[in-house]
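Note that these values count all heavy atoms, side chains included, but never hydrogens, waters or copies made by symmetry. These numbers were taken from a predicted model, which means no experiment stands behind them.
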Amino acid sequence: MGLSQTLLVYVLLCVHLGVSQHYLRLRPSPSDNLPVPDLKEDPDPEYDPREQDLVERTLRKKLGSNFDPNYMSISSPMLVNLSAPDNQVKLQGPMPNEIKKLDLTETPYGKRVKVGKKARRKFLQWLWTYTHCPVVYTWKDLGVRFWPRYIKEGNCFSERSCSFPEGMSCKPVKSINKVFLRWYCQGFLRQKYCTWIPVQYPIISECKCSC
């Protein structure tokens, strides 16, 4: 089921069954695929919000404390990659235990080799950097039927394999939900009724090297 169909099903259930639902989920259920694919919108401008529907003060009040300038923007930001190049990634937090506890002295053939502390430290640091999976943020234009219309969307770094030897890739393991307003219309032509409804938009917040 597509995103537009999923959203429509939820709305119709709320209207016809009288279910009080504070937020509508934008992501298809039970799909866990992120980032959210682009919506297939009806190109008819009749379903776009009018100028009087885009009063910033009114929409800010409707969105309330859910407005997060770290992940959303009203005006057009620079639609560019916001993350540092891979060779400039700053590793945060302690080194993962699975890397820290690696035994570099034992070979696959049972023989043991001597590894100096300095060499071990440099190799583990290199391995940590190589297998690190940063979240790459990019501003995305959701279109006029979302408010704010610009979202800072996360993607997992995918320019190369994150494992040594190669084979594994960076995949999302955590996400956060941000609430946006979605312009939604029921009915057709002059009989249609349109309004802003709150929807949750999941954003990748953490990636991990996995199969």
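- From Cys133, atom SG reaches atom CD of Glu206 across 10.0 Å, with rounding to the nearest 0.5 Å.
- Among the candidates Tyr201, Tyr150, Phe67, the single residue satisfying the side-chain contact (heavy atoms from CB on, under 4.5 Å) test with Met72 is Phe67.
- In this structure, CE on Met168 lies 9.0 Å from NZ on Lys208, to the nearest 0.5 angstrom.
- In this structure the side chain of Val136 never reaches within 4.5 angstrom of the side chain of Ser158, judged on heavy atoms.
- Closest approach of Pro198 and Val179 over heavy atoms only: CB-CG1, 3.9 Å.
- Using a 4.5 Å heavy-atom threshold, the side chains of Arg182 and Ile197 count as touching.
- Annotation: side chain to side chain donor-acceptor pair (under 3.5 Å) contacts of Arg50 (sequence neighbours excluded): Asp53.
- Panel note: side chain Ser161, backbone Glu166; no donor-acceptor pair is recorded below 3.5 Å.
- Applying the salt bridge (charged side-chain N to carboxylate O under 4.0 Å, His left out) criterion to Lys171, with sequence neighbours excluded, gives no partner residue.
- Every side chain to side chain donor-acceptor pair (under 3.5 Å) that Arg60 has, sequence neighbours left out, goes to Glu56.
- One distance of note links OG of Ser205 with OH of Tyr71; it measures 7.0 Å at 0.5 Å rounding.
- Here the OH-CZ distance, from Tyr47 to Arg145, works out to 9.0 Å after rounding to the nearest 0.5 Å.
- Leu54 and Pro49 get closest at one heavy-atom pair: CD2-CG, 4.0 Å.
- Val173 and Ile203 are assigned to two separate hydrophobic clusters, defined by single-linkage of ILVMFWY side chains at heavy-atom distances under 4.5 Å.
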message: For a side-chain contact (heavy atoms from CB on, under 4.5 Å) check, start with the C-alpha distance between Ile74 and Trp147, then their side-chain angles and the critical distance, and finish with the verdict.
response: CA-CA 7 Å; Ile74 299 170; Trp147 196 91; 3.6 Å; yes
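- Ring planes of Phe180 and Phe146: perpendicular class, angle over 60° (limits at 30 and 60°).
- Contact record, Gly167 with Ser163: N-OG, 3.2 Å, taken as the closest heavy-atom pair.
- Minimum interatomic distance between Thr131 and Cys209 (heavy atoms only, all atoms of both residues): O-CB, 3.8 Å.
- Contacts of Lys62 classified as side-chain contact (heavy atoms from CB on, under 4.5 Å), with partners at least two apart in sequence or in another chain: Leu181, Trp196.
- Checked against side chain to side chain donor-acceptor pair (under 3.5 Å), Arg149 has the following partners two or more places apart in sequence or in another chain: Asp141.
- Contact record, Gly154 with Val135: CA-CG1, 3.8 Å, taken as the closest heavy-atom pair.
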- request: For disulfide bond (SG atoms under 2.5 Å apart), just list the numbers for Cys170 and Cys207, CA-CA rounded to whole Å, side-chain angles, deciding distance to a tenth of an Å, and then say yes or no.
  value: CA-CA 6 Å; Cys170 294; Cys207 302; over 6 Å; no
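- Considering CD of Gln186 and SG of Cys194, their distance stands at 9.0 Å, rounded to 0.5 Å.
- In this structure Asn155 satisfies the side chain to side chain donor-acceptor pair (under 3.5 Å) test with no other residue, sequence neighbours excluded.
- Taken to the nearest 0.5 Å, the NZ atom of Lys178 stands 7.5 Å off from the CG atom of Asn70.
- Proximity of Cys156 to Pro172: side-chain heavy atoms (C-beta onward) are separated by under 4.5 Å at one or more points.
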